Amino acid sequence: MPWHTSDRMLELRDRSRFLDVTVEMLDGWRRHLSGRNASLIAFFGFLSIFPLALAAATVLGIVLDGNEDLQRRVTEGAFDDIPLIGQNLKANPDPGGNVFVLIGGLAGALWSSTKAFVAIHSAQDDSWEVDVDDRSTTPKVRGRALLGIVILGGAQIGSLVLAGIVSAASLPAFGDLGIIAATVFVNIVSTLLIFRLLVSISPPWPQLVLGAVIAGVIITALQHFNTALALYFQRNAASTYGDFAVVLGLVTWLSLMAIASLMCVELNAARTRLADRDAVRRGERFDLAIPAP
């Protein structure tokens, strides 16, 4: 008998709602192969970072040509959240302003980032246990992947704008806290949108809020953790692995982000399944999620 359905565990789950949700979430992670899905998301995320960073740096070199101070400030804000290579891009933000480099970077970033969001869509379908025949068609999935790129791009721009507003307010004592709070808010909103839009069904918004809040906080913490991660790999891995330490650092960081996000998806799905179970016990009808039109 599986451990999560043993008589003793069922008794404990009946006594504690928190334990019930936790066990259901962990069992969902196992059954839906979410660890594998997180690895796939991290892989395509890793592939997208380099061409995206190259394209962004090239755009800065073209648009902000002659304004090194503004270019430096924008670059520092844009690449602060990327461990290891973000530090290098901040130190040398201009790859030459080559249009062909820009086109190649954008093409590579579009392909790999689209694949990453397709993987997110598929992972969320797995977590919500959407039947294969009820899943969105390939054109819809690709379109939603592009929407996901827009959402995260808008989140990055929003974080930069809010950080600029907080800095302009000249509140040194609360400036860092204000920037962190603004980043948390933007991450929660963008995560909530991705949880709702990049899936073949349409779960009601209230079912997604808790997971989005937790994911937004964790993602913000990981974004601020990237400096410590970069220092760790530079001090402990660079001498052994050389430039490969950059790969180790990025893959580790992206894997943690993917695992945290999918675990929160599993949390939302587990809470919904348990609510459905409780409604059935009461003789009521509870819609797990409404299929998207």
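Residues take their numbers from the sequence shown, with the count starting at 1. Hydrogens, waters and symmetry mates play no part in the numbers below; they use all other heavy atoms, side chains included. Since this is a predicted model, take the numbers as computed values, not measurements.
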Problem - Interatomic distance, D20 atom CG to L10 atom CG [nearest 0.5 angstrom] - result: 9.0 Å

Problem - Within-4.5 Å side-chain heavy-atom neighbours: R17 and L274 - result: yes

Handout entry: Main-chain N/O of P203 paired to R196 side chain as donor or acceptor, under 3.5 Å
Key = yes

Problem - Candidate pair R144 and L197, rule side chain to side chain contact (heavy atoms under 4.5 Å, CB included), full reasoning - result: CA-CA 7 Å; R144 290 170 181 167; L197 300 177; 5.9 Å; no

Handout entry: Q124 side-chain N/O to V265 backbone N/O, donor-acceptor pair under 3.5 Å
Key = no

Practice task
Mark yes or no for whether W128, through its side chain, and A269, through its backbone, hold a donor-acceptor pair below 3.5 Å.
Solution key: no

Practice task
Indicate if I120 and V141 have the same hydrophobic cluster label, given that clusters are the connected sets of ILVMFWY residues with side-chain heavy-atom separations under 4.5 angstrom.
Solution key: no

Completion exercise
Residues passing the side chain to side chain donor-acceptor pair (under 3.5 Å) test with R271, sequence neighbours excluded, are none

Problem - Distance in Å, L262 CG paired with R36 CZ, rounded so as to fall on 0.5 Å steps - result: 11.0 Å

Practice task
Determine, stepwise, if the pair L12 / V23 fulfils side chain to side chain contact (heavy atoms under 4.5 Å, CB included).
Solution key: CA-CA 10 Å; L12 293 174; V23 171; over 6 Å; no

Fill in the blank from the handout: The side chain to side chain donor-acceptor pair (under 3.5 Å) partners of E266 (sequence neighbours excluded) come to H32, S34, S127

Problem - Check: S261 and T191 side chains under 4.5 Å, non-hydrogen atoms - result: no

Problem - Note, N187 side chain near Q223 side chain (heavy atom, < 4.5 Å) - result: yes

Handout entry: Sub-4.5 Å side-chain heavy-atom contact between I149 and L110
Key = yes

Practice task
State, to 0.1 Å, how close S200 and V130 come at their nearest heavy-atom pair, and which atoms those are.
Solution key: CB-CG1, 4.2 Å

Problem - Ion pair D27/R273, N-O distance below 4.0 Å - result: no

Handout entry: Inter-residue atom distance F185.CZ - S190.OG, 0.5 Å rounding
Key = 10.0 Å

Fill in the blank from the handout: So OG of S122 and CD1 of I41: to nearest 0.5 Å the spacing works out to 8.5 Å

Practice task
Report whether L210 and I218 are members of the same hydrophobic cluster (ILVMFWY, side-chain heavy atoms less than 4.5 Å apart, transitive linking).
Solution key: yes

Exercise for the section: Find out whether L152 and I194 are in side-chain contact, i.e. whether some heavy atom of one side chain is under 4.5 Å from a heavy atom of the other. Expected result: yes

Practice task
Give a yes or no answer on whether the side chain of T272 reaches the backbone of N268 with a donor-acceptor pair at less than 3.5 Å.
Solution key: yes

Problem - From I151 atom CD1 to L193 atom CG, the distance as rounded to the nearest 0.5 Å - result: 5.0 Å

Exercise for the section: Report yes if some heavy atom in the side chain of R135 is under 4.5 Å from a heavy atom in the side chain of H121; otherwise report no. Expected result: no

Practice task
Group every Ile, Leu, Val, Met, Phe, Trp and Tyr by side-chain heavy-atom contacts under 4.5 Å, then state whether V118 and I201 land in the same group.
Solution key: no

Fill in the blank from the handout: Taking every heavy atom of S112 against every heavy atom of S48, the minimum-distance pair comes out as OG-CA, 2.9 Å

Exercise for the section: State, yes or no, whether a side-chain contact exists between W111 and F44 at a heavy-atom distance under 4.5 Å. Expected result: yes

Exercise for the section: Kindly indicate whether the side chain of F117, heavy atoms from C-beta on, has any atom under 4.5 Å from the side chain of L146. Expected result: no

Practice task
With rounding to the nearest 0.5 Å, note down the distance linking CG in L192 to SG in C264.
Solution key: 12.0 Å

Exercise for the section: Report whether L33 and L267 are members of the same hydrophobic cluster (ILVMFWY, side-chain heavy atoms less than 4.5 Å apart, transitive linking). Expected result: no

Handout entry: Set of salt bridge (charged side-chain N to carboxylate O under 4.0 Å, His left out) partners for D125, sequence neighbours left out
Key = none

